[in-house]
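This report concerns only the one structure given below.
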Amino acid sequence: MHWPPTQSLFLRLPDSRPIREIEQEILDELDFHLVMRTLDNVATGMAADDARQDAQRRFGDIAQVRKTCRQIQLGERIMLQRIQAVLTVALLGAVVFLGVQSYRSQRANQEAAGRMMEVLDSVVGPSVVQTTPRTGDTQVDPSIGEIRVTYNRKMLDGSWSWCYHEGSFRTTGKPHYEADKKTCVLPVELEPGKVYTISLNTPTYQNFRDATGRPAIPYMLQFSTRK
C-alpha cells in the first residue's frame, strides 16, 4: 500500500545513537526559545506574524541546531539546563512587567492579556496530550493492533508524519482521525520483545497540523512490547 508523501510519511530517520529523553528535551527547548523571541518582538510593537517570522529568521536553521544538540554530551546537557534557567528568569520578568501594568491600569492589563493570548495561540502549534501506548511503557501488548495519538486541538484531516527511528512496523491500514478530529489512529502489526521509537512530526517533516495548517510541536513516542 502506498500513500502520497503529502498525506503520510513512514521514514527511517538518520540517527547515530539511541534516542531517549534528551531528544524530547531538545525539541521543547527549541520551541520554547522561538516563542520567547516572538513574545519579545510583540512587546516592541511587531504584529504577530511578523514577530514569529523575525524570531525564526534570527534563530537560524532549526534542523541544524537540533542536529548539533543531539551530539551534545553530559557537559552540554548542563549548559542546556542553564539556558532553561535563563529563559525562566526572562519569563518571570515578563510576568512582573504585566503585574506592574495591571497595577497602573486594570483596563490596560485586560487588553494586554487579550493580545498576549492571541499571540500565544498564533505562534504555538498543537501539542500531544495522550498516546496509546504511553511513551515509556515497557510492557505493551504486541497484539494491540493500533497506535493512537491525541492532540489538544482539532487537526487537519488526511495529513500526518509518522516517522520511526527504530523498530520498524508493518501498517495494516491507512491512518485516520476519529470524529473529534483530535485523535489520529495508525493500524499496525507489532512484534513481541521489540523497542519502538517514533516521531510525530520532526523539524523536517511537519504534516501533523491543526485545522488552520499550523504544524504540531514534534513529539517523541517510545515504548517496548513484552515478549
Side-chain angles (χ1 to χ4, degrees), residues 1-15 17-32 35 66 70 120-121 124-227:
M1 179 180 295
H2 175 72
W3 300 317
T6 57
Q7 291 187 330
S8 60
L9 289 170
F10 296 93
L11 305 173
R12 178 173 292 279
L13 303 180
D15 179 31
R17 66 185 178 89
I19 297 177
R20 297 294 183 266
E21 294 181 2
I22 184 65
E23 183 71 17
Q24 189 64 47
E25 178 183 336
I26 290 172
L27 293 174
D28 291 343
E29 289 289 347
L30 295 180
D31 185 74
F32 181 68
V35 171
R66 175 176 174 266
R70 289 178 62 199
L120 286 173
D121 188 61
V124 179
S127 59
V128 173
V129 295
Q130 182 177 352
T131 62
T132 305
R134 292 178 295 103
T135 188
D137 194 342
T138 59
Q139 295 294 322
V140 176
D141 184 352
S143 66
I144 59 174
E146 62 183 23
I147 300 175
R148 302 164 62 89
V149 53
T150 301
Y151 285 89
N152 64 344
R153 67 186 69 166
K154 291 185 177 181
M155 303 295 284
L156 183 65
D157 199 7
S159 182
W160 36 68
S161 289
W162 296 86
C163 306
Y164 69 85
H165 298 270
E166 59 180 313
S168 60
F169 48 80
R170 187 174 75 86
T171 60
T172 57
K174 184 177 179 180
H176 62 275
Y177 280 99
E178 294 188 336
D180 63 1
K181 293 298 188 293
K182 294 182 179 181
T183 300
C184 188
V185 181
L186 175 64
V188 296
E189 182 178 301
L190 303 179
E191 300 178 22
K194 198 168 185 179
V195 176
Y196 293 92
T197 303
I198 306 166
S199 279
L200 310 172
N201 271 10
T202 71
T204 302
Y205 305 109
Q206 301 187 352
N207 285 335
F208 272 114
R209 296 172 178 266
D210 64 18
T212 66
R214 188 180 298 111
I217 298 172
Y219 184 86
M220 186 69 60
L221 170 61
Q222 185 175 69
F223 61 88
S224 303
T225 54
R226 63 171 178 257
K227 297 182 179 179

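Legend: residues meeting side-chain hydrogen bond (donor to acceptor under 3.5 Å, both in side chains) with Thr212, ordered by chain and number and at least two apart, are Asp210. Residues forming a side-chain hydrogen bond (donor to acceptor under 3.5 Å, both in side chains) with Asp157 (at least two apart in sequence, or on another chain): none. Shown here are the ring-ring contact (aromatic ring centres under 6.0 Å, His included) partners of Tyr219, two or more places apart in sequence or in another chain: there are none. Scanning for side-chain hydrogen bond (donor to acceptor under 3.5 Å, both in side chains) contacts around Thr132 gives an empty result, with sequence neighbours left out. For Phe208, the ring-ring contact (aromatic ring centres under 6.0 Å, His included) partners at least two apart in sequence or on another chain are Tyr151, Trp162. Partners of Arg134 under the side-chain contact (heavy atoms from CB on, under 4.5 Å) rule, at least two apart in sequence or in another chain, are Asp137.
Residue pairs meeting the salt bridge (charged side-chain N to carboxylate O under 4.0 Å, His left out) criterion with at least one partner in residues 216-227, sequence neighbours excluded, are Asp141-Arg226. Residue pairs meeting the salt bridge (charged side-chain N to carboxylate O under 4.0 Å, His left out) criterion with at least one member in residues 190-208, sequence neighbours excluded, are Glu191-Lys194.
Proximity of a side-chain donor or acceptor of Asn201 to a complementary backbone N or O of Asn207 within less than 3.5 Å is detected. Remark: the backbone N or O of Gln222 is not paired with any side-chain donor or acceptor of Thr197 at under 3.5 angstrom.
When every heavy atom of Pro133 is checked against every heavy atom of Ile144, the shortest pair comes out as CG-CD1, 3.7 Å. Summarising the geometry of Ser161 relative to Gln206, their closest heavy-atom pair is OG-N, 3.8 Å, with the distance given to 0.1 Å. Nearest heavy-atom pair across Pro126 and Asn152 is CA-OD1, 3.4 Å. His165 and Ser199 make their closest contact through NE2-OG, 2.7 Å (heavy atoms, listed as atom of the first residue, atom of the second, distance). Taking each heavy atom of Ile217 and Ser127 in turn, the nearest pair found is CD1-CB, 4.2 Å.
Put simply, CG on Leu190 and OG1 on Thr225 are 6.5 Å apart, with the number rounded to the nearest 0.5 Å. Taken to the nearest 0.5 Å, the CZ atom of Arg214 stands 10.5 Å off from the CE atom of Met155.
Proximity of Ile198 to Phe169: side-chain heavy atoms (C-beta onward) are separated by under 4.5 Å at one or more points. A heavy-atom distance below 4.5 Å is found between the side chains of Ile147 and Phe223. You'll find the side chain of Leu200 reaches within 4.5 Å of the side chain of Val128, heavy atoms only. A heavy-atom distance below 4.5 Å is found between the side chains of Thr172 and Arg170.
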Identify each donor-acceptor pair in which a side-chain atom of residues 178-187 lies under 3.5 Å from a protein atom, sequence neighbours left out, and give them as a table.
residue: Glu178; atom: OE1; partner: Arg148; partner atom: NH2; Å: 3.2
residue: Glu178; atom: OE2; partner: Arg148; partner atom: NH1; Å: 2.9
residue: Glu178; atom: OE2; partner: Arg148; partner atom: NH2; Å: 2.5
residue: Asp180; atom: OD1; partner: Lys182; partner atom: N; Å: 2.9
residue: Asp180; atom: OD1; partner: Thr183; partner atom: N; Å: 3.3
residue: Thr183; atom: OG1; partner: Thr150; partner atom: OG1; Å: 2.9

